[in-house]
Amino acid sequence: MNTRVGVDAQGKTGGEPVGVLGLQAGYEGKRQPFGPSEWALKPAAELEGLYIGQQSPVGDMPITPGVLGTQDVTLPMTVGVVLANAVFTGETP
């Protein structure tokens, strides 16, 4: 049996600031003509990385309905993302 209770949590928690670090590098290749001489394709590649350092906000959050009292909140978070992109630019007359 599942029992669900609607909870409306509002408020602020204290914690340390979040650290964010990003890096992007890319390379654009030479123009590669094809078909009629005015048409060309230019390849490129990109590598991107993003890291968000740990944030652990903690605190007490009053919630509604009041009979549920106050909830203790902890939200540890660390995120890392790496993206690799291939880009092709078409040149037309």
Side-chain angles (χ1 to χ4, degrees):
M1 171 190 236
N2 284 337
T3 304
R4 294 180 182 232
V5 177
V7 175
D8 180 16
Q10 297 180 5
K12 294 182 179 183
T13 59
E16 297 181 17
V18 176
V20 178
L21 174 66
L23 182 65
Q24 180 181 21
Y27 173 77
E28 186 174 57
K30 293 182 180 179
R31 182 178 186 269
Q32 304 293 322
F34 69 93
S37 63
E38 298 157 354
W39 292 73
L41 192 64
K42 189 184 288 188
E46 298 175 340
L47 185 62
E48 300 176 56
L50 175 67
Y51 177 78
I52 300 176
Q54 185 170 356
Q55 177 190 26
S56 295
V58 293
D60 296 329
M61 190 176 294
I63 61 172
T64 303
V67 296
L68 295 176
T70 299
Q71 299 294 311
D72 294 324
V73 177
T74 301
L75 184 66
M77 179 177 64
T78 301
V79 178
V81 178
V82 176
L83 302 168
N85 302 315
V87 180
F88 296 94
T89 303
E91 294 180 3
T92 61

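Pairing each heavy atom of Ala40 with each of Phe34, the nearest pair is C-CE2, 3.6 Å.
Considering OG1 of Thr89 and CG of Leu41, their distance stands at 7.5 Å, rounded to 0.5 Å.
Counting heavy atoms from C-beta on, the side chains of Pro33 and Trp39 never come closer than 4.5 Å. By the 4.5 Å heavy-atom criterion applied to side chains, Asn85 and Glu48 are counted as neighbours.
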Side-chain polar contacts of residues 18-30 - donor-acceptor pairs under 3.5 angstrom, sequence neighbours left out - could you list them?
none

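When hydrophobic clusters are built by joining Ile, Leu, Val, Met, Phe, Trp and Tyr residues whose side-chain heavy atoms come closer than 4.5 Å, directly or via intermediates, Ile52 is not grouped with Val82.
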Worked check of side chain to side chain contact (heavy atoms under 4.5 Å, CB included) between Tyr51 and Thr78: CA-CA 8 Å; Tyr51 177 78; Thr78 301; 3.3 Å; yes
Full working for side chain to side chain contact (heavy atoms under 4.5 Å, CB included) between Arg31 and Glu91: CA-CA 9 Å; Arg31 182 178 186 269; Glu91 294 180 3; 2.6 Å; yes
